[in-house]
Amino acid sequence: MSLTYNPKETEEKWYKYWLSQGYFHSEPDERESYTIVIPPPNVTGILHMGHMMNNTIQDVLIRRARLKGYNACWVPGTDHASIATEAKVVAKLKAEGKSKNDLSRDEFLKHAWDWTEEYGGRILNQLQKLGASCDWDRTKFTLDDDMYESVIDTFIDLHEKGLIYRGFRMVNWDPEAKTTLSDEEVVYEEKQGLLYYVNYNIKDSDEKITIATTRPETIFGDTAICINPEDERFSHLKGKEVIVPIVNRTIPIIEDTYVDMEFGTGCLKITPAHDENDKVLGDKHNLEIIDIFNEDATLNHHGLDYKGLDRFEARKQFVKALKENNFLEKTENYTNKVGLSERTKAVIEPRLSDQWFLKMKELAQPALKSVLETKEIKLYPSKFENTYKHWLENVRDWNISRQLWWGHRIPAFYYGEGKDKFVVAKTKEEALEKAKKESDNNNLKLNDLRQDEDVLDTWFSSWLWPMSVFDGIRKPDNKEFNYYYPTKDLVTGPDILFFWVARMVMAGYEYTGQKPFDNIYLTGLVRDKNRQKMSKSLGNSPDALNLIDQYSADGVRVGLLLSNAAGNDLLFDESLCQQGKGFSNKIWNAFKLINSLKIDKEIDQPLSSSIAIQWYSNKFQEALNHIEDHFEKYRISDALMTSYKLVWDDFCSWFLEMIKPEYGKPVDQQTRDQAIKLFEDNLKILHPFMPFITEELWHQIDDRTGSEALIVSQWPKSQQIDQKVIKEFSFVQDVISGIRNIRKQKNIAFKNPIDLHIHNNENASKAYDVLIKKMGNINDLDYVQSQVEGCLSFRVKANEYFIPVAGSIDVEAEKKKLNEELNYLQGFLKSVDKKLSNTRFVENAPEKVINIEKQKKADAEAKILTINKSLESL
RNA sequence: GGGUGCGUAGCUCAGUUGGUUCAGAGCAUCUGGUUUACACCCAGAAGGUCAGGGGUUCGAAUCCCUUCGCACCCA
């Protein structure tokens with residue numbers, strides 16, 4: 001066995017081994033299934049801390065399920081991320097001097113596929129370094145043929161059900177990506193801007209009216225001025241018209257109570273094409289709609305001389321012109337929230353366009369019910385239920401179209417001039433048949449059909465993920481789907497609770513009548529020390545593989561899990577990984593110790609060892625119960641911490657020290673065998689957290705065949721716990737701590753033996769005396785009936801322990817110590833007495849609590865008695 | 001503007017049904033230790049107005065109200 005643990009070699013070796021043995025692969029069989037589908041990372045992405053966190057948790061769950069005898073199946077895959085990927089491909093083309101506009105759709109898609117093939121597998125390979133035990137044979141991509149068809153089938157089905165419709169709506173337009181974004185993809189930022197006060201001349205009058213706007217460049221699109229009908233300042237202007245400055249168009253003054261008389265000048269310009277609220281007013285008052293922008297947010301011909309200028313440049317120049325022509329009254333500083341594209345950071349332009357929408361209200365109902373009413377799906381931590389509820393109860397129709405090429409192309413075919421002349425069909429041929437019927441025109445040819453140019457929102461494919469990875473959309477009765485679905489756990493971040501999770505629940509019920517998963521576990525976001533979300537784009541994410549290099553995969557896994565409770569953000573700190581690595585070292589050395597002991601088959605097991613084994617067996621069972629409970633409640637970090645303390649404190653610091661023979665002496669066969677058995681149980685519960693080192697040691701213990709690998713062994717069985725053993729030993733631990741304290745106090749090195757006299761008021765079991773002697777390095781241990789002079793003392797419960805020390809005892813110091821203990825106890829007793837003499841407490845508190853208080857009282861009284869006696873004898 | 005959550009040791013965070021185990025863990029700090037599996041170690045110590053105030057209760061870090069600070073979501 002090598003002196004120190006070499007994670008690099010080990011990790012590579014065992015990952016290959018697991019793969020070669022097919023342990024990650026699952027096929028339906030008679031066992032119960034335990035399925036997790038990975039939240040598909042972005043195909044162009046690379047591994048960041050969030051992924052590591054997320055996937056470590058999934059791997060812990062799936063490895064534990066495997067050990068517990070489930071047929072565990074973790075399905076990996078990626079999504080095509082239309083906006084992000086298309087943006088990257090466009091950027092790459094640009095760097096090569098090509099423009100997307102010069103390419104045909106097919107040519108562009110070829111570039112996108114090339115890109116995907118080059119970078120697509122990257123993130124999955126990185127997951128392997130982390131130890132992820134995914135069933136790689138099942139790896140899926142949202143644009144695989146079967147996945148593609150599932151999405152198209154779903155679109156057609158929902159359209160037939162009347163849930164998908166086409167609408168002319170104000171959308172969030174990203175002028176950089178030249179696409180629509182959903183509300184969820186827009187981030188708002190406060191920006192310092194100006195409020196411009198602009199004068200409009202009243203037609204056939206010398207009078208003018210002043211409006212305040214943050215966007216003077218949209219004046220080109222003005223089609224009305226609106227005043228509040230109750231505003232007396234403007235009542236004389238009712239029915240008149242104004243002239244748009246510079247543009248010289250005449251527009252009406254309309255009246256609507258929507259206008260806030262307090263804000264600005266109480267007078268509003270209406271630009272229906274470029275503002276959501278103006279659009280509503282425009283519809284109400286039948287106003288003309290003038291769209292002044294091109295798709296890249298430069299001005300079109302409505303912008304007159306400013307045609308072709310970017311909106312911000314146009315604003316600058318137009319304001320200058322307004323000023324020069326005395327239309328600009330004044331400007332004021334003004335902060336407003338500006339919507340930005342999450343992906344490109346471009347300022348969102350509200351834009352009217354034809355889009356495809358999915359009605360959400362109906363679909364949301366089962367999703368609400370299952371999480372909030374029937375609890376068929378459980379959400380961890382439950383605090384997110386409120387957020388979930390609020391979103392679903394106020395859900396808006398989902399704009400599912402994107403003005404992009406990379407993705408699932410909308411299967412709508414236009415056959416005539418009007419934009420409502422279309423049919424939805426799976427193939428062009430089917431579409432032709434439908435179109436002939438609808439148009440009553442049998443002369444229609446394939447060439448007369450034009451397919452919609454847009455693709456579907458990426459989430460419109462990933463909301464099917466738990467079904468489509470098992471081909472459950474196309475073939476709902478297939479064997480695998482029936483076996484693996486519904487899945488068990490979904491592990492993801494709270495930031496995509498609506499984007500993805502809620503929608504998967506909707507799709508699940510819509511298509512199977514069943515939930516897609518039993519449990520939703522929302523992890524925290526990984527943040528850096530400045531509380532910023534860690535992301536590649538901010539450049540504040542440590543390189544994942546570098547971390548693994550430095551601290552080992554096991555170390556990083558432990559580091560990530562250690563201080564991370566569900567749903568709470570984790571401020572990432574590398575020292576946590578260091579702690580994880582330190583833990584590996586500890587485990588390694590624990591085995592090194594057991595392994596290095598020479599065995600003597602002739603010697604009997606010492607009493608101290610048999611006690612140690614009995615104690616640790618029970619301690620292990622107690623911890624196992626806690627661990628099971630933690631897992632059940634998805635308190636993964638607690639489960640890890642419980643295991644950590646069990647192995648480090650109980651196993652290494654106590655158990656191993658107790659069974660360790662004197663230096664150079666051999667160990668008996670029985671103790672060694674039992675220690676190995678207990679160590680193996682440790683490895684089993686550690687395996688989900690630290691798969692590599694545990695598998696390595698498992699094989700160092702013994703030559704094992706393929707089917708005997710740790711990854712496919714059996715999780716320890718729960719057994720009856722002997723609480724008495726644990727309780728008695730805990731008392732013994734206190735005694736040993738007391739001895740250590742005295743040694744420390746008097747600077748008595750451990751190698752120097754001392755004597756111990758025990759005044760056994762508690763009538764504690766003497767069975768453990770051998771251990772006290774061994775662990776305290778006690779020469780003579782005896783029992784006394786009264787205080788012993790010339791000793792330092794300490795107490796455990798009512799028991800008193802005396803240790804003779806060389807030189808004179810400082811009687812005053814001893815008295816002082818005793819008096820302090822006495823004072824504390826008397827205060828404590830008083831508070832307990834107060835409780836017990838309170839009739840309302842005795843009447844109301846549960847019996848269990850009262851008994852505890854009574855026990856406290858008895859213990860305190862006994863101890864006080866002991867101390868008083870000691871004080872007397874001093 | 002509306003909603004949700006958070007505030008516990010120097011730092012990062014647990015604290016489950018209000019009641020033993022409750023004021024905890026890890027890191028950092030300090031003191032001592034090593035011929036012995038591990039200095040990636042061992043044995044100890046110190047560190048707290050549970051954000052402030054009020055209330056409910058026999059009993060509050062935990063429940064309610066309120067003030068302050070912070071974060072996130074939605075508009």
Side-chain angles (χ1 to χ4, degrees), chain A residues 1 3-5 183-184 186-188 276 337 339 381-391 393-394 396 494-495 497-498 524-525 527 529 531 533 551-552 555 558-559 562-576 578-597 626 629-630 632-633 635 637-638 641-642 644-645 648-649 652-653 656-657 660-665 727 730 736-737 739-741 743-745 747-751 775 831 834-846 848-856 859:
Chain A
M1 172 169 197
L3 222 53
T4 51
Y5 174 52
D183 292 338
E184 287 82 4
V186 178
V187 291
Y188 289 87
E276 177 104 48
K337 290 227 168 155
S382 56
K383 68 179 179 187
F384 285 106
E385 283 173 8
N386 279 331
T387 325
Y388 181 88
K389 178 172 180 232
H390 187 260
W391 189 76
E393 283 179 347
N394 299 286
R396 310 206 306 185
D495 48 339
L497 182 60
F498 313 134
L525 294 178
R527 297 174 183 280
K529 283 184 177 165
R531 296 207 170 264
K533 181 176 164 179
Y551 301 106
S552 79
V558 168
L562 262 183
S563 179
N564 186 283
N568 277 3
D569 291 355
L570 165 70
L571 269 69
F572 183 72
D573 188 340
E574 281 196 26
S575 73
L576 292 170
Q578 183 56 48
Q579 199 182 336
K581 191 183 169 191
F583 190 35
S584 289
N585 179 61
K586 189 70 185 176
I587 299 166
W588 183 263
N589 278 292
F591 178 68
K592 206 163 91 184
L593 170 65
I594 302 174
N595 200 38
S596 69
L597 297 175
H626 286 142
D629 185 51
H630 288 318
E632 213 128 283
K633 293 166 180 155
R635 286 200 273 265
S637 62
D638 286 347
M641 195 33 97
T642 305
Y644 182 94
K645 285 191 202 161
W648 198 306
D649 298 342
C652 294
S653 297
L656 288 181
E657 291 303 326
K660 199 154 98 178
E662 272 178 65
Y663 181 60
K665 300 223 170 122
K727 213 170 152 189
S730 151
I736 293 167
S737 285
I739 295 167
R740 286 171 178 166
N741 268 326
R743 280 181 175 279
K744 169 109 176 156
Q745 212 177 312
N747 272 326
I748 307 167
F750 182 77
K751 60 186 171 191
M775 300 294 284
S831 76
K834 198 175 147 197
K835 266 193 203 177
L836 284 171
S837 59
N838 183 332
T839 49
R840 295 174 78 181
F841 172 72
V842 180
E843 278 162 19
N844 292 318
K848 189 180 146 204
V849 175
I850 294 171
N851 286 337
I852 288 160
E853 293 302 318
K854 283 183 179 161
Q855 185 62 50
K856 278 190 199 165
D859 286 350

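Values reported hereafter were calculated over all heavy atoms of this structure, with side chains retained and with hydrogens, waters and symmetry mates removed. Just so we're clear, the structure is a prediction, and the values are computed from it rather than from any experiment. Note on naming: letters A, B, ... go to the chains in the order of the sequence lines (proteins, then strands), and numbering restarts at 1 for each one.
- Using a 4.0 Å heavy-atom criterion, one finds that A/Lys645 contacts the sugar-phosphate atoms exclusively.
- A donor N or O paired with an acceptor N or O is found under 3.5 Å between the base of B/rC38 and the side-chain atoms of A/Lys586.
- A distance of about 33 Å separates the P atoms of B/rC65 and B/rA25, rounded to the whole Å.
- Between the side chain of A/Lys581 and the main chain of A/Ser552, no donor-acceptor pair closer than 3.5 Å is present.
- A donor-acceptor contact under 3.5 Å links the side chain of A/Lys744 to the base of B/rU31.
- Rounded to a whole Å, the NZ atom of A/Lys856 is 8 Å from the C1' atom of B/rG19.
- A gap of 24 Å separates the C1' atoms of B/rC58 and B/rG15, to the nearest Å.
- The interatomic distance linking A/Lys383 (NZ) with B/rG7 (C1') rounds to 13 Å, in whole Å.
- Residue A/Asn386 has a polar side-chain atom (N or O) positioned under 4.0 Å from OP1 or OP2 of B/rG5.
- Here, B/rG48 and B/rU4 have their C1' atoms 29 Å apart, quoted to the whole Å.
- Rounded to a whole angstrom, the distance from the C1' atom of B/rG7 to that of B/rC30 is 29 Å.
- Counting non-hydrogen atoms under 4.0 angstrom, A/Ser653 reaches the backbone sugars and phosphates but no base.
- A donor-acceptor pair under 3.5 Å links the side-chain atoms of A/Asn394 to the main chain of A/His390, judged by distance alone.
- Between the CG atom of A/Leu656 and the P atom of B/rC41 there is a distance of 16 Å, rounded to whole Å.
- B/rA23 sits 8 Å from B/rU8 when the C1' atoms are compared, rounded to a whole Å.
- At the phosphate of B/rC40, neither OP1 nor OP2 sits under 4.0 Å from any side-chain N or O atom of A/Trp588.
- Atom CE in A/Met775 sits roughly 10 Å away from atom P in B/rG44 (whole-Å rounding).
- Put simply, the side chain of A/Glu657 and the base of B/rA37 share a donor and an acceptor less than 3.5 Å apart.
- Between atom CD of residue A/Glu657 and atom CG of residue A/Leu593 there is a gap of 8.0 Å, rounded to the nearest 0.5 Å.
- Summarising the geometry, the separation between CD on A/Gln578 and C1' on B/rU12 is reported as 16 Å, rounded to the nearest angstrom.
- Under the Watson-Crick or G-U wobble criterion, with both distances below 3.5 Å, B/rG7 is paired with B/rC68.
- Side-chain atoms of A/Thr387 lie closest to B/rU4 of the nucleotides B/rC42, B/rC40, B/rU4.
- Of the N and O atoms on the side chains of A/Asn851 and A/Gln855, not one donor lies less than 3.5 Å from an acceptor on the other residue.
- As the counterpart of B/rG19, B/rC58 is assigned, both hydrogen-bonding distances of the Watson-Crick or G-U wobble pattern falling under 3.5 Å.
- Taking atom C1' on both B/rU62 and B/rC72, the two are 23 Å apart, rounded to the nearest angstrom.
- As rounded to whole Å, 13 Å separates atom C1' of B/rU4 from atom CG of A/Asn394.
- Nucleotides B/rG18 and B/rA60, compared at atom C1', are 6 Å apart to the nearest Å.
- Look at B/rG47: it lacks any Watson-Crick or wobble partner with both distances under 3.5 angstrom.
- One P atom belongs to B/rA9, the other to B/rG5, and the distance between them is 22 Å to the nearest Å.
- If you take CE on A/Met775 and NZ on A/Lys660, they are separated by 9.5 Å, rounding to the nearest 0.5 Å.
- Nucleotide B/rG32 has B/rC42 as its partner under the Watson-Crick or G-U criteria, with both atom distances under 3.5 Å.
- The residue A/Ser737 sits close only to the backbone: its heavy atoms come under 4.0 Å of sugar-phosphate atoms, none of a base.
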